[in-house]
Amino acid sequence: MSMAFSPMNFSLEPTRMEDAEFDRWVRLLESRTGVTVPLERKPFLLSGLRRRMREAGHTVFASYYEELLDGVRGRVEWAALVDHLTVHETHFFRHQPSFQLIRDEWLPEWIDGTDEDQSLHALSVGCSTGEEAFSIAMLLDSVLTTQNPPRRFGITATDVSQPALGVAKNAHYPVARMHEVPVEYWESCLRRSENDTFTIQDRLRKRVGFARVNLLHATRAPFRQLDLIFCQNVLIYFARERRGELLDGLARLLRPSGLLVLGAGEITGWSHPQLTRTGGRQTLAFRRNP
Ligand SMILES: C[S@@+](CC[C@H](N)C(=O)[O-])C[C@H]1O[C@@H](n2cnc3c(N)ncnc32)[C@H](O)[C@@H]1O
C-alpha cells in the first residue's frame, strides 16, 4: 500500500538530537550562562531550541550552532535564544518566610544600626519579570518611608534574559495575579490600568533599576556595597560545584551586617568565614558579620 504525501507529515523542524549534539549544546549553555541541563531535561532544551530555531528560520541544529558562534550576529541571536532556554517562573512575594525575616528581624536592626542619612541598597539576582524586585520594594517602602526621618532605599534587579527584563521594566501584570500581593499593599503600591492589568506605582518603580547581568560575572559588575541580596530559584539551575563559587562572590558584595537571602534548600553545606546563618528553618539566609 502506498502512502499519499500529505503536507501534514512534512515538517522542516529538526526532530532527533544525537547524544553528541546534545552534549555540545549543554556545554555551550553552561559555559556562557552557568546553567546546566541534565539528561532528564533534554526535552526542555529541545523544545526551547526548536521554538527559537523556528522563529529564526533554522532547521538544522549544527548550522544554527555555527551561527551562534559567529561574531556580532551570533551574540544577538544568543541573547534571543537564552530567553527560550531559561525558566522565568516567578510570583510576587514568592517565599513568605523570607519576607517575614526581612521585615520582622533584619530590617529593624538595620534601621537601628545605621545612620539616619544612610540609604539601603538591595540586589535581586535572577529577577526574571520583576515581581521579586517589586515585592522587595513594597516591603522596604512600607517600613522605611514611615520612619522619622524617612529612610531611602534603591534596588538593582538583574537577569540574563533581555525579554524578561523588558517585561519587568514595563511593569504591567495581569489583574488575575493581584492576589499574590498582600492586600495591605494594594492601595499604596499598585494601580489598576488598561486591559485587565495592574501596574506598580511610579514612586516604587523609580526605586528599582533593571540591568542585564550574567550571574557568572556579577562580581565584575559595578555594584556598590549592598545591604540586602536576594538570590532565589536561580542557583538550582547551576552545577552543584559552581553554586558555592557564585555565593562566595555575592558574599563579597555585602556590607557588614548585610543579609543574603537564598531559596530554602537551594544549597547544602555552603558556609563562608564572614557570614553567619540567620533566621528559622523555613528560610536560608546568611548575615555578614559586623
Ligand atoms: C525561575 S526564575 C526565578 C525568578 C525569581 N528570582 C524568583 O525566585 O521568583 C530564574 C531566573 O534566573 C535567570 N537566570 C538564569 N541564568 C542566569 C544567569 N547566568 N545570570 C542571571 N540570571 C540568570 C533566568 O533568566 C530567570 O529569569
Side-chain angles (χ1 to χ4, degrees), residues 25-38 41 44-45 48-49 51-52 75 78-102 122-139 155-171 173 177 180-181 200 208-221 223 226 228-250 253 259-267 282-285:
W25 280 99
V26 170
R27 281 199 303 275
L28 184 68
L29 187 64
E30 182 156 3
S31 66
R32 291 191 174 186
T33 66
V35 170
T36 181
V37 183
R41 302 231 332 133
F44 168 81
L45 182 123
L49 201 48
R51 247 185 310 128
R52 181 55 204 162
R75 281 203 290 282
W78 175 256
L81 175 64
V82 153
D83 184 57
H84 291 65
L85 299 184
T86 44
V87 179
H88 301 299
E89 192 197 337
T90 186
H91 305 280
F92 289 98
F93 292 89
R94 185 170 189 175
H95 187 242
Q96 284 289 341
S98 297
F99 288 96
Q100 273 161 15
L101 169 70
I102 295 171
L123 174 68
S124 160
V125 180
C127 65
S128 187
T129 40
E131 290 85 335
E132 179 178 280
F134 288 129
S135 304
I136 299 169
M138 291 182 222
L139 187 156
I155 300 168
T156 304
T158 61
D159 202 283
V160 75
S161 162
Q162 200 70 62
L165 291 168
V167 175
K169 286 178 192 165
N170 188 34
Y173 302 96
R177 296 191 45 211
E180 295 173 14
V181 179
I200 312 296
V208 186
F210 291 99
R212 184 162 185 262
V213 177
N214 188 334
L215 174 54
L216 283 184
H217 311 137
T219 48
R220 284 193 234 148
F223 296 131
L226 295 157
L228 174 64
I229 301 178
F230 227 81
C231 180
Q232 294 197 324
N233 303 299
V234 183
L235 287 177
I236 42 171
Y237 301 108
F238 287 76
R240 212 168 278 277
E241 322 78 72
R242 193 165 249 165
R243 295 179 197 170
E245 287 166 27
L246 294 172
L247 290 178
D248 289 345
L250 293 180
L253 298 174
L259 187 70
L260 171 65
V261 185
L262 309 176
E266 273 188 273
I267 188 163
Q282 284 182 294
T283 55
L284 183 57

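First listed ligand is number 1; within each ligand, the first listed atom is number 1. The basis for the numbers below is simple: all heavy atoms, side chains too, and nothing from hydrogens, waters or symmetry mates.
Protein heavy atom nearest atom 14 (N) of ligand 1, with residue, atom name and distance: Val160 CG1, 3.9 Å. Looking only at protein heavy atoms, the nearest one to atom 2 (S) of ligand 1 is Val87 O, 3.2 Å. Here the protein heavy atom with the shortest distance to atom 4 (C) of ligand 1 is Gly126 O, 3.2 Å. At the top of the distance list for atom 3 (C) of ligand 1, counting protein heavy atoms only, stands Asn233 O, 3.5 Å. Ranking the protein heavy atoms by distance from atom 9 (O) of ligand 1 puts Thr90 OG1, 2.6 Å first.
Scanning for side chain to side chain donor-acceptor pair (under 3.5 Å) contacts around Trp25 gives Glu21, with sequence neighbours left out. In this structure Ser98 satisfies the side chain to side chain donor-acceptor pair (under 3.5 Å) test together with His95, Gln232, sequence neighbours excluded.
The Glu132 neighbourhood of ligand 1 comprises atoms 5 (C), 6 (N), 7 (C), 8 (O), with distances under 4.0 Å to a heavy atom of that residue. Of all atoms in ligand 1, listed by their number and element, those nearer than 4.0 Å to a heavy atom of Ser128 are 4 (C), 27 (O). Of all the atoms in ligand 1, the ones that sit under 4.0 Å from a non-hydrogen atom of Thr86 are 15 (C), 24 (C), 25 (O). If you number the atoms of ligand 1 from 1 as listed, the ones under 4.0 Å from a heavy atom of Asn214 come out as 18 (C), 19 (N), 20 (N).
For the pair Phe230 and Ile155, the minimum side-chain heavy-atom distance is 4.5 Å or more. Side-chain atoms of Ile102 and Leu259, non-hydrogen and from C-beta on, do get closer than 4.5 Å to each other. Taking the side chain as every heavy atom from C-beta outward, Thr158 and Asn214 never approach each other to under 4.5 Å. Using a 4.5 Å cut-off on side-chain heavy atoms (C-beta onward), Val35 and Leu85 make no contact. In this structure, the side chains of Leu123 and Cys231 stay at 4.5 Å or more apart for every pair of heavy atoms. Using a 4.5 Å heavy-atom threshold, the side chains of Phe238 and Ile267 count as separate. Under the 4.5 Å side-chain criterion, counting only non-hydrogen atoms from C-beta, Leu247 is not in contact with Glu266. No side-chain heavy atom of Gln282 sits less than 4.5 Å from a side-chain heavy atom of Gln100.
In terms of polar-atom proximity, His88 is counted as a contact of ligand 1, with an N or O under 3.5 Å from an N or O of the ligand. For a threshold of 3.5 Å applied to N or O pairs, the pair formed by Thr158 and ligand 1 contains no separation below that value. Residue Leu215 places at least one N or O, backbone or side chain, under 3.5 Å from an N or O of ligand 1. The shortest N/O to N/O separation between Val35 and ligand 1 does not fall below 3.5 Å. In terms of N/O distances under 3.5 Å, ligand 1 is not approached by Tyr237.
Contact annotation for Val213 and ligand 1: only backbone heavy atoms (N, CA, C, O) come within less than 4.0 Å of the ligand. Of all the heavy atoms of Arg94, the ones lying under 4.0 Å from any atom of ligand 1 belong exclusively to the side chain. By the criterion of a heavy-atom distance under 4.0 Å, neither the backbone nor the side chain of Phe230 is placed next to ligand 1.
Checking Asp159, Thr129, Leu216 against atom 27 (O) of ligand 1, the nearest heavy atom belongs to Asp159.
When all heavy atoms are compared, the tightest approach of Phe134 to Ala168 is CE1-O, 3.7 Å.
For the ligand labelled ligand 1, residue Val82 lies outside the 4.0 Å heavy-atom shell. Put simply, part of Phe238 is less than 4.0 Å from ligand 1, judged by heavy atoms.
Judged by distance alone, the side chain of His88 and the main-chain N or O of Asp83 form a donor-acceptor pair under 3.5 Å.
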